[in-house]
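Down below is the structure, laid out as structure tokens.
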Number of protein chains: 2
Amino acid sequence: MAASDNLLVKGCRNCQQQSTCFNILIPEELDFISQHKEQIIFQKGENICKQGAFANYVMYVAEGLVKTYLETANEKTINLRIVKDSEFVGFSSLCGTKNYNYSAVSLTRSIVCLLDNESFKQLLMKNGQFSVEIMRLYCRNEEHIYKKLKSIGYKYMLGRLADTLLYLCNPGFDAYDIFKYINRKDIADFSCISKESTIKLLTDLSLNNMIKLNGPRIEILDKPGIQNLSIKG
Amino acid sequence: MAASDNLLVKGCRNCQQQSTCFNILIPEELDFISQHKEQIIFQKGENICKQGAFANYVMYVAEGLVKTYLETANEKTINLRIVKDSEFVGFSSLCGTKNYNYSAVSLTRSIVCLLDNESFKQLLMKNGQFSVEIMRLYCRNEEHIYKKLKSIGYKYMLGRLADTLLYLCNPGFDAYDIFKYINRKDIADFSCISKESTIKLLTDLSLNNMIKLNGPRIEILDKPGIQNLSIKG
DNA sequence: TGCATTATGTGATATTAGTCACAATAAAAC
DNA sequence: GTTTTATTGTGACTAATATCACATAATGCA
């Protein structure tokens with residue numbers, strides 16, 4: 001159960017938004033994390049971490065939706081993923097360089113736990129099973145990025161947009177009204193194509209009855225068709 | 001000291017090509033790995049792992065050069081990195097899906113230790129410090145991929161090629177004659193641009209005295225200039 | 001509710017990059 | 001050393017995508 005306004009969940013033991021990897025921890029270990037975390041409310045549009053800033057925390061999204069993205073030198077944005085509650089942000093800096101590799105912005109009002117890096121590492125050293133679970137998250141994220149690299153590296157616009165639609169419309173997001181929080185430029189930035197091209201292709205797909213446009217919302221009508229576009233690139 | 005032909009290093013304790021993270025292990029732990037590894041010689045051109053194949057091993061390059069790459073649906077190749085001796089290949093499948101996320105091919109005759117995944121994971125669970133060291137490798141790799149994603153996502157060809165040249169000519173490769181083992185298409189595939197465009201741009205850079213072409217070898221003459229091209233994209 | 005601001009959407013044009021065909025050069029095989 | 005094969009390199013042409021300018025629609029604020 002999420003906290004009501006200004007009333008935060010007190011301790012990790014009682015948190016009902018626990019990531020499954022926390023299940024491995026014994027209560028004392030959860031208490032240890034509690035003592036080394038800060039729980040903060042971020043409003044929609046606020047950054048919860050900034051690329052290049054010192055990375056002192058791993059962030060755990062207790063409630064809300066967060067978008068992670070890369071900022072490029074020529075002022076472009078590459079959207080990486082939408083993080084939902086019970087998921088982490090900022091692992092890539094846990095044992096790496098001292099700076100965040102990407103930025104994250106809150107798409108809704110969000111409750112985020114900032115977990116101190118040093119304490120978190122101590123826990124990882126103590127609990128091998130827990131650290132292997134965290135590695136699982138690294139591996140999943142790496143898979144995700146490779147998929148994105150393949151898409152952006154060598155697919156034409158339509159294939160990339162198909163990938164983005166399949167991602168944004170996947171069942172994992174069913175409980176959220178994702179499109180309420182992202183605009184056409186956001187969608188474009190998942191695919192590294194321009195906003196205008198994105199809108200043109202969305203219109204084409206709509207005219208071909210492969211998707212349905214309803215204001216900001218997008219519904220896939222012909223999933224095999226979209227999957228085929230994704231494959232063909 | 002590397003093994004002579006057909007005479008492999010017997011055990012991990014005596015290996016002189018150890019990665020620094022192995023230093024954390026006590027001799028018994030090194031013996032444990034020895035008992036669960038196979039050391040194999042790969043000839044130039046041979047695959048040491050294949051994208052999509054079952055991932056049973058983490059691979060440790062004791063000696064030689066290995067290229068890792070993504071294979072895309074439309075028969076394109078995205079080169080990820082060149083792995084030199086004392087480095088690992090195949091971590092992204094250690095705790096993830098059961099398949100290798102990318103392929104790797106030996107650029108030289110290479111000695112590779114195949115470390116059984118399950119045994120490796122047991123060791124990670126037992127030695128927290130070791131697992132944090134391995135996480136460091138995950139973090140470094142993730143940084144590398146994000147950098148590549150930014151390059152390919154939004155830089156023009158020249159900026160991407162500059163990134164590739166900076167990567168291939170970095171001091172870490174000084175001891176190797178890298179360009180002896182990779183051709184123009186390989187270089188192109190680091191940047192996701194066509195072989196013809198790559199050759200044209202290399203010729204332009206040569207005419208501008210920013211690089212020197214000497215057969216397959218490329219030498220950067222104007223490093224700040226190339227860095228500037230990389231930044232400007 | 002009305003106004004100002006932002007987002008969406010469109011069509012024409014410009015820019016960037018890939019492809020094609022093939023000549024020249026280098027490397028490998030005999 | 002010669003022949004065959006592979007790679008490099010070139011120029012013309014084609015394809016893919018971005019940009020631009022602006023009209024229309026939606027959202028936010030007072």
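Below, read A as the first sequence line, B as the second, and so on, with proteins coming before strands; counting in each chain starts at 1.
Rounding to whole angstrom units, CG of residue B:Leu158 and C1' of C:dA17 are separated by 13 Å. When rounded to the nearest whole Å, the span between CZ of A:Phe179 and P of D:dT27 equals 16 Å. One can place OH of A:Tyr154 at 11 Å from C1' of C:dG18, the figure rounded to the nearest angstrom. Rounded to whole angstrom, the span from the CG atom of A:Leu213 across to the P atom of D:dA25 amounts to 16 Å. Here D:dT7 presents its P atom at 17 Å from NZ of B:Lys180, a figure rounded to the nearest Å. For B:Arg217 and C:dA26, the CZ to P distance is 14 Å, given to the nearest whole Å. Look at CE on A:Met157: it is 13 Å from C1' on D:dT19, rounded to the nearest Å. B:Ile199 places its CD1 atom 18 Å from the P atom of C:dC22, with the value rounded to the nearest Å.
With distances taken from any side-chain atom of A:Lys200 to the nucleotides C:dT19, D:dT10, D:dT19, the minimum falls on D:dT19. Across D:dT8, C:dT8, C:dG18, the shortest atom-to-atom separation from the side chain of B:Arg184 is found for D:dT8. Listed candidates were C:dA17, D:dG11, D:dT8. Nearest to the side chain of B:Asn183 is D:dT8. For A:Tyr156, taking side-chain heavy atoms from C-beta onward, the closest of the listed nucleotides C:dA17, D:dT19, D:dA16 is D:dA16.
Across all their heavy atoms, A:Leu161 and A:Ser191 have their closest contact at CA-OG, 3.8 Å.
Aromatic pair B:Tyr167/B:Phe173: ring centres closer than 6.0 Å. Under the 6.0 Å cut-off for aromatic ring centres, B:Tyr69 and B:Tyr102 do not qualify, their centroids lying 6.0 Å or more apart.
Counting atom types as modelled, B:Lys195 pairs no side-chain N or O with a base atom of C:dG18 as donor and acceptor under 3.5 Å.
Here B:Asp189 does not pair with B:Lys76 in a salt bridge; the nearest charged N to carboxylate O distance is not below 4.0 Å.
No donor-acceptor distance shorter than 3.5 angstrom exists from the side chain of B:Ser230 to the backbone of B:Ala162, with no hydrogens or angles considered.
Residue A:Glu196 is the one, among A:Glu196 and B:Ile193, whose nearest nucleotide of DNA chain C lies closer to the 5' end (criterion: closest heavy atom). Comparing A:Cys192 and A:Pro216 by the nucleotide of DNA chain D that holds the closest heavy atom to each, the one mapping nearer the 5' end is A:Cys192.
Considering only side-chain N and O atoms, A:Ser197 lies under 4.0 angstrom from the phosphate OP1 or OP2 of D:dA18.
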